[in-house]
Every structure is written in C-alpha cells, then in structure tokens.
Amino acid sequence: MDRKMEDLSLSKSYEPCRVEKKWYAFWKKQGFFHADEQKNSNPYSMVIPPPNVTGSLHMGHALNSTLQDILIRYKRMDGENTLWLPGTDHAGIATQYVVEKELGRQKKTRRSLGREKFIERIWQWKKEHGDIILGQLKRLGASCDWSRERFTMDEGLSTAVREVFVRLYEEGLIYRGDYIINWCPRCHTALSDLEVDYKESRGYFYYIHYRLTKGKKTIVVATTRPETMLGDTAVAVRPGDKRYSDLVGKEVVLPLTDRVIPIIADNYVDESFGTGALKITPAHDFNDFEVGARHNLPIIKVIDESGKMNENAGRYKGLDRFSCREKIVEDLKAQKLLKKVERYNHNIGYCYRCNDVIEPTLSKQWFIKTAPLAKPAIDAVKEGRTRIIPAVWEKTYFEWMENIRDWCISRQIWWGHQIPAWYCKKCGEITVAKVEPKACQACGGNELKQETDVLDTWFSSALWPFSTMGWPEKTKELETFYPTSVLITGFDILFFWVARMMMMGLKFMGDVPFRDVYIHALIRDAKGQKMSKSLGNVIDPLVMIEKYGTDAFRFTLAALAGQGRDIRLSEEVISGYRNFVNKIWNVSRFVFLNLTDYKGEIKTIHYNQYSLADKWILSRANRLIKTVRTALEDYRFNEAANFIYQFVWHEFCDWYVEFSKENLANTESVQRSATQQVLIEVLDIVLRILHPFMPFITEEIWQKLPGNSESIMISSFPKENNIFFNRDAEEKLEKIKEVIYHIRNIRGEMHIPPPQKVEVVLFCDNDKTRQLLEAYKQYLFQLASIKNLKYATSKTKPKVAATAIVKDIEIYIPLEGVIDFGAEEKRLGKEIAKVEKELSFIQKKLSNEDFLNKAPKKIVEKENQRNQALLEKQKKLKRSILRIKKMRDAS
RNA sequence: GGGCGGAUAGCUCAGUUGGGAGAGCGCCGGCCUUACAAGCCGGAUGUCGUAGGUUCAAGCCCUAUUCCGCCUACCA
C-alpha cells in the first residue's frame, strides 16, 4: 500500500473526541456493523438487554454494553458471523409516568386527553426522545447492527405478543380471575411480586379487643393495620391452642361495626406470635386470602383503587387508608377496646416505581400459570444447554424457578400491549384472538368490548430473543442466529427477564434462547454504595467519556469487571487508565518516528537474524495472545485487560522499546530493519488485541501502520503462532534484565543520579553466560547507565565495590571515593536477611522426612535446587559484606 | 426465617486444579535519559477476619465463629 511519509507520524497528543466521531461514522458507513443472515460461517449472536426507552445511559448500561461490544468485536475479528441486535423497551409504567408528568405541566391529565390521544402522545414522545440512549450507546462505540433495531411496541413484536398470548390462553396457561395482587394506589395498577420492594419500616402493633357475641369475654387480636379490620371476616387461632380451644366456633362482634364474624382454627396461625389470635382480612392480605379460601369466608374489600376507604367501610368511607388508621385507633380507644400499642418494626412493600405503599387487594387480573413453563427452563440449565456464568447464580435461578408463583401479567395502565381479549356485552363470555373478532365465540353476539388492561412490559421482553428476529414468521434470521450465543446482563433482572426468556424461548422456539448467560457485577461508588441520584454519588458515563475518552472509560470497566464481585468505580481509576491510553499513543509515536526509512521490503529478514530482544518480545506477544483468548472465551474480561496492560506497559514499552533504541541506532543495518519489522509486528498485535477494548485509538493508529488495509475492525484477531514461542530467548533475556535491574538497584540505593555513569565489573565462570553478557553488553551500557564494563577473574575482583548476585553472575560496581560504606552494608544486610528468611523456610521443609517421602519428586527436586542457589548467594553476599565492613573499619 | 457472597499491603482489588504472597493507586528517594513528567528509575509495606481440623505442605480444602454486603421470604 502506498502511503505518504507524513502519514507515518502521529500528532503530539491524542484527541479522543475528534477521532471517535470520525471512526464511528466510518464504520457505520462501511456497513461493518451489519450482520448477514445468509452467511454460512459460524454464527455468533447476542441481543442487547433493551434499555428503557425513557432511559439515559448510566454506569450499568455502560458496563453491560462495553462487555457485549468487547465480545462481539472479538468474535467479528475472529471470523464469526456476528449479530448484535439493539433496541429499546417500551417500559410501560415508567414511560407513562414520564409523559403524564409532562402533561401535568400543561395542566392536563391522561384522562382529560382520553386513551387514544394519550397513546398518540406517548408515541410522539418516543419519536422525539426515544433514541437518546441509543445515541449514547454509539458514543460508547457499540457495534450493534442498527439496521435491525427493534422496539417492544413495534408491529412485528406486537404480533409476537398476541401470538403468544393466544396460544397460552388456548392451552389454558393464561387465565383470568379474582385474586389478591399487589396494587399500587398511586400508579393505579397491579404489580407482579417482583415489582414490590420490601423495606423495614417503623410501625405499631395494636392489640384490639373483639367482644364475643355471648358473655362479656373478649378475644384480643394484634395487628399492624387496624384499618383493615373493617374488612375482617373471621378471627383465627391455632387448632389445639388451649387458650382459645373453647372459643373456636363461637362468634365475635367486629368492633366499630355491627358485623358478626366467626372464630376459626387454622394451622397458618402461629400461637407464639402476638396474642395467638389473628384477624382475617381476605381482601387485603395474601395469607388471609388463603385462609379465607380454606374456610369459605366472605371477602370484603374496604380500600379502593386510590387507597381510600370505600362504601364497605361505613362511616370511614372516603378516608385515606392512613388517616383511617388513626381514626380507628382513636375510636377504639374511646370505646376502651384498644388494649395496648407497641412499637413494632416490620417490612412493608413499596412500589418499585413510585415508592408508594403497596396495598394487597382483591382484584380481577390475568395470570400465567408458570409451573409448566418453569420445569423445562430448570432442566435446560441442569442439563447444561444453557450455562449460567458465574455458576453461583445457577443456584439462585433454581431457587426461584422451583418456587415460582403464577405471574400477574395485567396492568391497569394505557401504555403497552392491550390484552387481546374481548368481552361480549350479551353473554359476558371472553373471546381471545390474534385479530379483533367480529363476533362472540360463545353466543355470536357482535357487541364486543376489548379488555382495557395492558400486558406487563416483561411479557414482551420475555419474547425479545426471537420476536426481534421476526417470529412467528419462520425467518432466515431465526434459523441463523437463534439460539443466541450469549446474554450479558446484571443479576438484578435474572428473574424479571432471564428466567422468563428461558420459559418463553423453550415454549415457543423449542430451544433455549441463549447458550450462555454471563452475569456481571453491579457498579458502586468508591465507598461501595449503590449509585443513586438521591445520594448524589452518580458518575455519569458520558461525562467520563467527554473527559477521558471512550477508550479509557471502556478499558477501565473491562479491567474492573471481575467475576462475582461488585465494582467500585471512581474517577481516579478512569484517569489512571487514561494514562494507559496515552502510553499506547506515545509508544506508537515512537514506532512511527523510527519508520521514516521503512520501505516495507523487510519481510525477507529471517527469524534467525532477529536479535535476542526481538525473539523475546515476539515470544511474549504470542503468549499474550494465548492468555487473552482464553480469558475472553471464559468471560474473564478483567484478566484479559490486565494481561494486555502488563504486556504493553511493562514488557513492550519498558523493555523492548528501550532495547530497540540500540538496534535502531545502526542505520542501514539488518538490526535496524529487523527491529523496525518487529516494532510494527508487535504494535500491530497490540492494536488488534486491544481493539475490542479500545476501538477508537486502535483504529486511529492502525490506519497509519504500514501494510494495513480497510479497517482494524474487520482485520483478524491475533492468533498465536507456535514458531514464535521461544523459551530459550525468554530465559536469556530475563537474565539480561536481571543484571540491569541489579545495577539500577545499587545505583538507586546509593543515590547515584542517572547522568552519572558507573563502571561495572562482572565475574562469571560460566562461558555461555559470559558470551551472552558480552553479546548484549550494549544493553547494559544503555539501560543501566554504565560507562565501562570489565570482566574479573577470581583474583581480580574489585575490593571496594557494591555487589549483587544474579544466578551465576557476580556484579561489582567499584565506587572508590564515591561509595557510602554504611549504605552498602545496610543494603547487603537487607539482601542477606531476605535470602536467609527464604533459606530457613526451605530448610525446614528439606529436613522434614515426611516431605521428602511424600511430596512429589518434582517438588523436592525444585526445593533442593533453590536451596543450593540460595546457599551460594548467601555465601557470596556474606563475603561482600565482610569486605565492606573491613573497608569501613580501615577508612 | 432461608440462601449466597466478601473479609489478602494505607486504599481498591487479583490470586483457576493445595507446593516460592501480587497489581494499580497512594507513600518515600532520585531523575526533564530526544515516545510519553498523564513520564522514567529505585524503595518501603502483609500473624491472607478469628479459632480449630485435614495434609509432608493451606490465602486456597473441611468445621465452627465474628463482622460487612446482597438476594429471597413477608409472623399478623
């Protein structure tokens, strides 16, 4: 490829913003995000957990999407046929709430607008604001196939919803009935069990006398909610409770009313709790409802849809449930029926959306019978057809699935999929159908009215993995991309969503919706608190992107995304990884600065002509490739990121680049050409392996790297090449590094400033090692800042010198006149202490008969060798320190 | 009430079949060495929550226990 010279340089600093916009637009224009359902190669697919259409990007989305993008970019580069399908969720209650609030500002209500107009209004709102979050995902670099963007209220998805509803209804898996459900008096809708948050709350325990119809005796019941007594239809005690056994079957007069209710016996009652006598309000308590059903008790609803007392509450009618409580307590007091009041803390359910206190209420609702659907979903995970990663979550999944309760799917709001059921005005029968029926199924009457309730939002999200691909049509997309390869999500929606997708996928596609489910952590603030607007500790991903660049931000998330632990995020960490981005930019600048004479004909250089450093870094790079691939396959994002970080910074930059300077110095030499070649090669590997994590900067640099074509995004992910693994080169170079390190260590401890070059004398009676040192002495000169290198014989070792031992090499830095004997003595003393501590540890082992007999030979051998080496080192160090002491005494 | 997870350097955490305690940040000292001061070189720091047990050998396995967090249930 023909490139101009000026292309081979990078500006002094990296400008994330400009670069990010440029490349995202480029990728989109080139169609790199597009998935091809006709392709035959290995499919790899994911559906995005659809964010609420009202939402804006928070840290949870950012983490979730970053991890997905890392996988999809990795797999795309690795040659798989990738699909990442994006979209949004209509979020019934949340969206309706937002639009109602907007209406409120114009002094309108949804009722004044009417259902049809109101829904139009929401669609309008969706058109204007609905893709904010998708735009934010683009800023994050998400490589979704935007041509397949879906919305849960789209026509196609709505068709799927109706299809599923009708089929489940016909199979008897959907039913309608009067049951007690969680009711939110503020949102005016039923909620599923999962949509209720229980929080410990302060309250009181009221002890109330219920007078028997005959005689003067009373039975005392204890309750936290006296206002519900107006709906009591019995008092229950434990069967066999001696205190009350003669009362069972008798009747009491319900205080403040003239109703007479029976005393019954039921096992549900705990005789040790409260007074052992329990008031039963079947219309406003889940357990009471069941007790009532067992005893055929009447059900009296006393609280209405807004949380106010209704006509059954007699003179309390119209009071809010909480004011009613106060009033009732007052009235009971007045009648001396209140025995006592105790402080009592207990859990109260709150609406997850508006935080109002949930009112359990008897109501006519639609339900899904979940048990028959849950069974196959449990089996699929047990049999490993879907893996949950990390596996600890499997247990949670089973726990919930095995105790699953029927799912209340009807909601009394307007925004959502209206339930496809029609009531006949004539006979009252229900007709359920995919399209609006002309006549009643039962009587043929033609006056039909559609159910006004809509479906729970999660009903449509449960179908997401296949409804988005065109189901119920038999599409090519489904054939190619279903089941999806993996679902990436947080554990907070394991039940809400994952479990329900499993049930629906198995039921309607006959196969699991995803092979793997990867559950990632929750992001918290630096103190470990959940991020929330009210705490004011929210870190806005977009602000971070603005400030530090998308790549730094993404890399941070990946580096922190360990399995099974929450992530504590602080701006400090992000800025730390921004430095890493900067490092990559600068090392690339270094490479480009040294390619001005690079002509691209270097391919002819044979591996044997590479220097030790070249062979070393290529071997290390190939090891990196292997570990990163394994880590990514296992969803160990943090390991992958940290391995890359370690390699790039501490092997490539700290060492190889420094070695390379020496080889580059010989213009027109083979070494220079070879080094250029290796710099390009390794930088190319680094960029490609980093691309899934840092899509933008890698593209920016890669585009300028000689020999590269269209885009890094569609280049190949590095594969390890066995011919580059070279253990011998790695060991040799490690030795050189160690010698340099020890010289630097002495310099540092002796406070010799870098510009001051020192003389070094080496003693080594191993010929091979000496040859190695001689061959690479230039590295010592350069990296250890020395001016002169000599080899000593056992007789000519310098006497006044700082000493270090590296395996079979003794290093001396003669510092006559400069040396600080005290400092050197201290340094050697420290070194000896370290060696001796290790020695005592090893020798304890080696003197243990059991160890010698029972431990594997390999381990014993290894310990023996270590022991020998340490003894040798100890001997040499001791000799040195003795010499130093002598010198000090003499001086 | 039931279940799960965590406790490792000053801080945040890694540590994958049990066999020489690690990283990043922070801290201390020295350096503007022509890719990078958002940098370079060197240094210090740990009874791996506590108590037992298994084993030749335990941060890792078992038992008990304390503290912290989460999920789930909803005894009125």
Side-chain angles (χ1 to χ4, degrees), chain A residues 10 12-13 193 196 198 205 221-225 228 236 268-270 272-281 285-288 344 346-349 390 392-393 395-396 399-400 403 491-492 494-495 522 524 526 528 530 548 552 559-560 562 564-570 572-573 575-594 630 634 636 638-639 642 645-646 650 653-654 657-658 661 741 744-755 782-785 827 830 838 841-842 844-845 848-856 858-860 862-863 866:
Chain A
L10 294 177
K12 191 90 183 178
S13 66
D193 298 329
V196 180
Y198 287 91
F205 216 14
V221 300
T223 180
T224 54
R225 303 196 53 198
T228 62
Y268 166 69
V269 182
D270 177 356
S272 63
F273 192 82
T275 60
L278 173 62
K279 62 192 261 325
I280 301 295
T281 323
D285 183 282
F286 283 90
N287 292 306
D288 291 7
Y344 186 66
H346 60 138
N347 283 327
I348 294 182
V392 284
W393 291 105
K395 202 169 173 175
T396 314
E399 194 71 31
W400 190 73
N403 298 302
F491 60 80
D492 47 335
L494 183 61
F495 307 137
L522 224 64
R524 299 171 173 281
K530 221 168 168 170
Y548 301 103
L560 296 181
R565 200 193 265 232
D566 287 346
I567 296 172
R568 291 193 187 195
L569 187 72
S570 63
E572 207 187 3
V573 193
S575 91
Y577 283 108
R578 184 264 324 263
N579 296 354
F580 180 50
V581 173
N582 193 243
K583 191 77 177 172
I584 292 160
W585 184 255
N586 277 303
V587 76
S588 304
R589 284 187 64 216
F590 171 82
V591 173
F592 288 130
L593 285 172
N594 285 288
T630 315
D634 293 344
R636 296 199 308 266
N638 60 325
E639 279 187 23
N642 288 317
Y645 182 97
Q646 174 68 26
H650 299 303
C653 293
D654 286 352
V657 163
E658 295 305 324
K661 287 175 182 171
Y741 167 79
R744 283 172 172 176
N745 174 274
I746 291 171
R747 299 181 55 107
E749 299 263 304
M750 296 292 133
H751 299 292
I752 302 163
Q782 202 178 345
L783 299 191
S785 192
R827 196 185 65 85
K830 222 160 58 182
E838 264 187 82
F841 189 73
I842 290 172
K844 208 170 112 191
K845 267 191 188 177
N848 184 339
E849 288 279 326
D850 284 328
F851 174 75
L852 298 174
N853 293 332
K854 294 182 184 169
K858 248 177 112 176
I859 299 292
V860 178
K862 208 168 127 193
E863 294 294 320
R866 274 183 63 208

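Please read these numbers as outputs of a predicted model, since none were measured by experiment. The figures that follow rest on heavy atoms only: side chains count, while hydrogens, waters and symmetry mates do not. Lettering follows sequence order; numbering is per chain, from 1.
- Both A:Pro856 and A:Asp634 sit near RNA chain B, but only A:Asp634 has its closest nucleotide nearer the 5' end.
- Between A:Asn848 atom CG and A:Asn853 atom CG the span is 9.0 Å, to the nearest 0.5 Å.
- Taking the side chain of A:Asn848 as heavy atoms from C-beta on, and the options B:A76, B:C56, B:A35, the nearest nucleotide is B:C56.
- Among the heavy atoms of the strands lying under 4.0 Å from A:Asn347 is at least one base atom, whether or not backbone atoms are also near.
- Judged by closest nucleotide on RNA chain B, A:Lys845 is the one of A:Lys845 and A:Phe205 placed further toward the 5' end.
- For the C1' atom pair drawn from B:A7 and B:U12, the interatomic distance equals 14 Å after rounding to whole Å.
- Between A:Phe580 atom CZ and B:A35 atom P the separation is 19 Å, expressed in whole Å.
- With distances taken from any side-chain atom of A:Arg578 to the nucleotides B:G24, B:A38, B:A35, the minimum falls on B:A38.
- Within 4.0 Å of A:Val269, counting heavy atoms only, lies at least one base atom of the nucleic acid.
- Between the side chain of A:Lys395 and the base of B:C4, no donor-acceptor pair of N or O atoms lies under 3.5 Å.
- Between A:Glu749 and A:Arg827 no salt bridge is recorded (no basic side-chain N to carboxylate O distance below 4.0 Å).
- At the phosphate of B:C41, neither OP1 nor OP2 sits under 4.0 Å from any side-chain N or O atom of A:Asn745.
- At the heavy-atom level, A:Asn403 lies nowhere under 4.0 Å from the strands shown.
- Nucleic acid contact for A:Arg744: sugar-phosphate only, since backbone atoms but no base atoms lie under 4.0 Å from a heavy atom of the residue.
- Taking every side-chain heavy atom of A:Glu639 into account, B:U16 is the closest of B:C36, B:C56, B:U16.
- Per the geometry, CD1 belonging to A:Ile746 stands 11 Å off P belonging to B:G43, to the nearest Å.
- Atom-to-atom, CD1 of A:Ile859 to P of B:A58 comes out at 14 Å; the value is rounded to the nearest Å.
- The same atom, C1', is picked in B:G49 and in B:C32; the two are 46 Å apart, to the nearest Å.
- The backbone N or O of A:Glu399 lies less than 3.5 Å from a partner atom in the side chain of A:Asn403, making a donor-acceptor pair.
- Nucleotides B:A9 and B:G59 are separated by 15 Å at their P atoms, to the nearest Å.
- Between the CG atom of A:Asn594 and the P atom of B:C36 there is a distance of 12 Å, rounded to whole Å.
- Under 4.0 angstrom from either OP1 or OP2 of B:C74 there lies no side-chain N or O belonging to A:Tyr268.
- Using C1' as the reference atom, B:G30 and B:A44 are 15 Å apart when rounded to the nearest Å.
- Comparing B:G69, B:A38, B:A76 by their closest approach to the side chain of A:Thr224 singles out B:A76.
- No more than 12 heavy atoms of other residues, nucleotides or ligands sit less than 6.0 Å from atom CZ of A:Phe841.
- For A:Tyr741, taking side-chain heavy atoms from C-beta onward, the closest of the listed nucleotides B:A35, B:G43, B:A38 is B:G43.
- Of the P atoms belonging to B:U16 and B:C62, the separation is 14 Å, rounded to the nearest Å.
- Between atom OG1 of residue A:Thr281 and atom CG of residue A:Asp288 there is a gap of 5.0 Å, rounded to the nearest 0.5 Å.
- In this structure, A:Glu849 reaches neither bases nor backbone, as no heavy-atom distance under 4.0 Å exists between it and the strands shown.
- Listed for the A:Arg744 side chain is no donor-acceptor partner under 3.5 Å among the backbone atoms of A:Ser785.
- Nearest approach of A:Ile567 to A:Leu560, heavy atoms of both residues: CG1-O, 3.5 Å.
- Taking only side-chain nitrogens and oxygens, A:Tyr344 comes nearer than 4.0 Å to OP1 or OP2 of B:A76.
- Pair assignment for B:C61 gives B:G53, based on Watson-Crick or G-U wobble hydrogen-bonding distances that are each under 3.5 Å.
- Of the nucleotides present, none pairs with B:C48 by Watson-Crick or G-U wobble criteria with both distances under 3.5 Å.
- Contact annotation for A:Arg827: no contact, since no heavy-atom pair falls under 4.0 Å across all strands.
- If you take atom P in B:C36 and the same atom in B:G43, they sit 25 Å apart, rounded to whole Å.
- The CZ atom of A:Arg866 sits 18 Å away from the P atom of B:A57 (whole-angstrom rounding).
- Residue-level contact check: A:Glu572 touches the backbone only, with heavy atoms under 4.0 Å from sugar-phosphate atoms and none from bases.
- Dashed line: the shortest gap from a side-chain N or O of A:Lys854 to OP1 or OP2 of B:G19 is not under 4.0 Å.
- Residue A:Arg636 is classed as a base contact, given a heavy-atom separation below 4.0 Å to a base.
- An OP1 or OP2 oxygen of B:G42 is reached within less than 4.0 angstrom by no side-chain nitrogen or oxygen of A:Arg747.
- Nucleic acid contact for A:Val581: none, since no nucleic acid atom lies under 4.0 Å from a heavy atom of the residue.
- As a whole-Å value, the separation of A:Trp400 CH2 from B:C4 P is 20 Å.
- One P atom belongs to B:A57, the other to B:G20, and the distance between them is 14 Å to the nearest Å.
- In this structure, A:Glu863 places its CD atom 12 Å from P of B:G19, rounding to the nearest Å.
- For the 3.5 Å distance criterion, the side chains of A:Asn638 and A:Asn642 fail to qualify, holding no donor opposite an acceptor.
- Shown here, B:G22 forms a base pair with B:C13; the pair counts as Watson-Crick or G-U wobble because both key distances fall under 3.5 Å.
- At a threshold of 4.0 angstrom between heavy atoms, the contacts of A:Phe495 are confined to the sugar-phosphate backbone, with no base atom among them.
- With distances taken from any side-chain atom of A:His346 to the nucleotides B:A76, B:G20, B:G42, the minimum falls on B:A76.
- Checking side-chain atoms of A:Arg225 against main-chain N and O of A:Asp285 turns up no donor-acceptor pair under 3.5 Å.
- Here A:Asn586 does not reach the OP1 or OP2 of B:G39: none of its side-chain N or O atoms lies under 4.0 Å away.
- Distance from the side chain of A:Tyr198 is smallest for B:C74 among the nucleotides B:G39, B:C56, B:C74.
- Across all strands shown, B:C40 forms a Watson-Crick or G-U wobble pair with B:G30, both key distances being under 3.5 Å.
- Across all strands shown, B:G69 pairs with B:C4; the Watson-Crick or G-U wobble distances both stay below 3.5 Å.
- With rounding to whole Å, A:Asp193 atom CG is found 7 Å from B:C74 atom P.
- Base contact: A:Asp270 has a heavy atom under 4.0 Å from a base atom.
- Ring orientation note: the planes of A:Phe273 and A:Tyr344 are nearly perpendicular, at an angle over 60° on the 30°/60° scale.
- Without hydrogens or angle criteria, A:Asp634 side chain to A:Arg636 main chain gives no donor-acceptor distance under 3.5 Å.
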Enumerate all atom pairs, one protein N or O and one N or O from nucleotides 27-34 of chain B, separated by less than 3.5 Å.
| from | atom 1 | to | atom 2 | distance (Å) |
| --- | --- | --- | --- | --- |
| B:G29 | O2' | A:His751 | ND1 | 3.2 |

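- Separating the P atom of B:G22 from that of B:C27 is a span of 23 Å, rounded to the nearest Å.
- Aromatic ring centroids of A:Tyr645 and A:Tyr577 lie under 6.0 Å apart.
- Distances from the side chain of A:Phe491 to the nucleotides B:A76, B:G5, B:C70 place B:C70 closest.
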